[in-house]
Amino acid sequence: MANLIKRGSAIAAAALSIGLAALTLPCARAALPAAMMKSKTIRYCSAINLPPMEFMSPQTKPEGVDIDLGDALAKNLGLKPVYINMPFAGLIPALLAGHCDAIISQLFIKKSRLKVIDEIPYMLSHEAVLLKPGAPKVPDLEALSGKKVATVTGTTATVLLDKANIALKAAGKTPIDIVAFPENTQALQQLQFGQVAAYGVAYETARYYVHKVPGQFAMGGPPYFKIATGIGLRKNETALNQALSASLATLMKNGTYAAIFKKWDLGIDMLKPAAG
């Protein structure tokens with residue numbers, strides 16, 4: 001687990017170094033792409049089933065940390081936000097195909113992703129293991145040896161579980177039985193119904209369910225694998241990148257950014273303002 005934390009922190013530090021430099025752009029509104037100025041709309045791709053980051057209210061209206069931030073960024077740029085809901089694994093393909101203008105869906109910043117898209121850092125994220133109450137705690141992922149563990153396709157949790165399996169096999173131990181689902185709801189239900197022993201998921205989501213449904217779920221241990229998280233953009237969208245970076249800098253300066261994270265009780269994930 002310590003190695004995972006170290007690798008995640010290194011990626012987070014590198015991404016934040018680049019991203020916070022971008023956030024020193026002037027706070028005045030940057031020029032928007034011509035098509036966006038004409039439509040007065042920004043389309044966000046998002047997997048809207050991962051509370052508290054993004055989920056549907058009982059009135060089927062998107063809400064959550066990412067939704068509040070996406071709304072605030074759009075408002076600052078004089079645009080109307082539109083959210084296009086889809087499975088997490090389809091976010092980057094949809095962006096590259098032009099089905100949306102940006103991704104805002106707790107998309108971790110990884111070297112492999114940065115080869116395909118650009119990302120503007122806006123928060124830190126962590127990973128966690130969700131269990132049923134009374135289950136033995138999980139000091140590291142290798143402790144899940146031989147157990148059935150749910151995850152969502154395309155997420156970092158899946159990658160980390162795969163890496164744990166490599167270590168387990170090298171040690172001659174039984175690998176984790178990873179069961180991947182297209183969406184969070186399905187993975188969570190499998191844990192709730194006792195079909196899996198654990199669920200590898202973002203800390204923010206795990207914490208949400210532990211507090212929202214007391215007695216149904218429990219944390220397997222403290223959060224781990226800290227990593228920067230960003231807004232995904234196509235690499236040729238320089239104007240939009242500059243506009244969103246400047247808008248985010250404005251929100252961080254005027255207190256809107258902090259208010260959003262305090263509303264959802266996720267101060268642990270906030271970026272620190274650039275010095276100077």
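- Within the 4.5 Å cutoff, side-chain heavy atoms of Val210 are placed close to those of Leu130.
- Note that CD of Gln189 and CD of Glu183 are 10.5 Å apart. Values are rounded to the nearest 0.5 Å.
- A distance-only check finds a donor-acceptor pair linking the side chain of Lys137 to the backbone of Met219 [under 3.5 Å].
- In this structure, Asp66 contributes its side chain and Gln106 its backbone to a donor-acceptor pair below 3.5 Å.
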**OP:** For side-chain contact (heavy atoms from CB on, under 4.5 Å), just list the numbers for Lys80 and Lys75, CA-CA rounded to whole Å, side-chain angles, deciding distance to a tenth of an Å, and then say yes or no.
**Re:** CA-CA 7 Å; Lys80 176 186 176 182; Lys75 181 179 180 181; over 6 Å; no
Subject >> Worked verdict on Leu244 versus Leu77 for side-chain contact (heavy atoms from CB on, under 4.5 Å) >> reply: CA-CA 8 Å; Leu244 284 171; Leu77 293 171; 3.8 Å; yes
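- Among Ile117, Thr238, Ile120, the single residue meeting the side chain to side chain contact (heavy atoms under 4.5 Å, CB included) criterion with Leu233 is Ile120.
- Nearest approach of Ala164 to Glu142, heavy atoms of both residues: CA-OE2, 4.0 Å.
- Contact between Glu127 and Ala157 at its shortest, heavy atoms only, is OE1-CB, 3.4 Å.
- Contact check for Tyr209 versus Asn184: side-chain heavy atoms found under the 4.5 Å cut-off.
- Of all heavy-atom pairs spanning Thr205 and Leu50, the tightest one is OG1-CG, 3.2 Å.
- Side-chain heavy atoms closer than 4.5 Å link hydrophobic residues (I, L, V, M, F, W, Y) into clusters, and following such links, even through other members, never connects Tyr122 to Leu91.
- Checked by atom type and distance alone, the side chain of Thr229 never pairs as donor or acceptor with a backbone atom of Phe108 at under 3.5 Å.
- Looking at Pro52 and Glu204, their side chains come closer than 4.5 Å, going by heavy atoms from C-beta outward.
- Distance check: Met270 CE to Tyr257 OH gives 5.5 Å after rounding to the nearest 0.5 Å.
- Around atom NZ of Lys212, no more than 12 heavy atoms belonging to other residues, nucleotides or ligands sit under 6.0 Å away.
- Residue Glu119 comes nearest to Lys110 through the heavy atom pair OE2-N, 4.2 Å, listed as atom of the first residue, atom of the second, then distance.
- Of all heavy-atom pairs spanning Cys45 and Met86, the tightest one is SG-CE, 3.6 Å.
- Using modelled atom types, no side-chain atom of Ser105 and backbone atom of Ile48 make a donor-acceptor pair closer than 3.5 Å.
- With rounding to the nearest 0.5 Å, the separation of CG in Leu188 from CD in Gln186 is 11.0 Å.
- Residues Pro222 and Tyr203 have side chains not in contact (no heavy-atom distance under 4.5 Å, counting atoms from C-beta outward).
- Ile103 and Leu69 are assigned to two separate hydrophobic clusters, defined by single-linkage of ILVMFWY side chains at heavy-atom distances under 4.5 Å.
- Side-chain N or O atoms of Thr60 include none that pairs as donor or acceptor with a backbone N or O of Met56 at under 3.5 Å.
- Note that CH2 of Trp264 is 5.0 Å distant from CD of Glu63, once rounded to the nearest 0.5 Å.
- A single hydrophobic cluster is seen to contain both Val213 and Tyr199, as judged by linkage of ILVMFWY side chains at heavy-atom distances under 4.5 Å, directly or through other members.
- Across all non-hydrogen atoms, the minimal contact from Ser247 to Leu73 is OG-O, 3.4 Å.
- At a threshold of 4.5 Å between non-hydrogen side-chain atoms, the residues Val201 and Val152 do not count as touching.
- With sequence neighbours excluded, no residue forms a side-chain hydrogen bond (donor to acceptor under 3.5 Å, both in side chains) with Tyr44.
- Under a hydrophobic clustering in which Ile, Leu, Val, Met, Phe, Trp and Tyr are joined whenever their side-chain heavy atoms come within less than 4.5 Å, directly or via other members, Leu95 and Ile42 fall into different clusters.
- For NZ of Lys148, the number of neighbouring non-hydrogen atoms (other residues, nucleotides, ligands) closer than 6.0 Å is 12 at most.
- Tracing side-chain contacts under 4.5 Å through hydrophobic residues (I, L, V, M, F, W, Y), one never reaches Val116 starting from Ile109; they form parts of separate clusters.
- A centroid separation of less than 6.0 Å is found between the aromatic rings of Phe55 and Tyr208.
- Here His99 contributes atom NE2 and Arg43 contributes atom CZ; the two are 9.0 Å apart, rounded to the nearest 0.5 Å.
- Counting only heavy atoms from C-beta outward, the side chains of His126 and Ile268 approach each other to under 4.5 Å.
- Here Asp71 pairs with Ile67, Pro81, Tyr83 under the side-chain contact (heavy atoms from CB on, under 4.5 Å) rule; sequence neighbours left out.
- Proximity of Val149 to Val129: side-chain heavy atoms (C-beta onward) are nowhere separated by under 4.5 Å.
- Rounding to the nearest 0.5 Å gives a distance of 12.5 Å between CG of Asn165 and NZ of Lys173.
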Original post:
Would Val179 and Gln190 satisfy side-chain contact (heavy atoms from CB on, under 4.5 Å), going step by step from the backbone distance to the final call?
Top reply: CA-CA 10 Å; Val179 186; Gln190 290 297 298; over 6 Å; no
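- A 4.5 Å side-chain heavy-atom check between Thr174 and Leu168 finds every atom pair outside the cut-off.
- Asp118 pairs by the side-chain contact (heavy atoms from CB on, under 4.5 Å) definition with Lys235, Asn241, not counting sequence neighbours.
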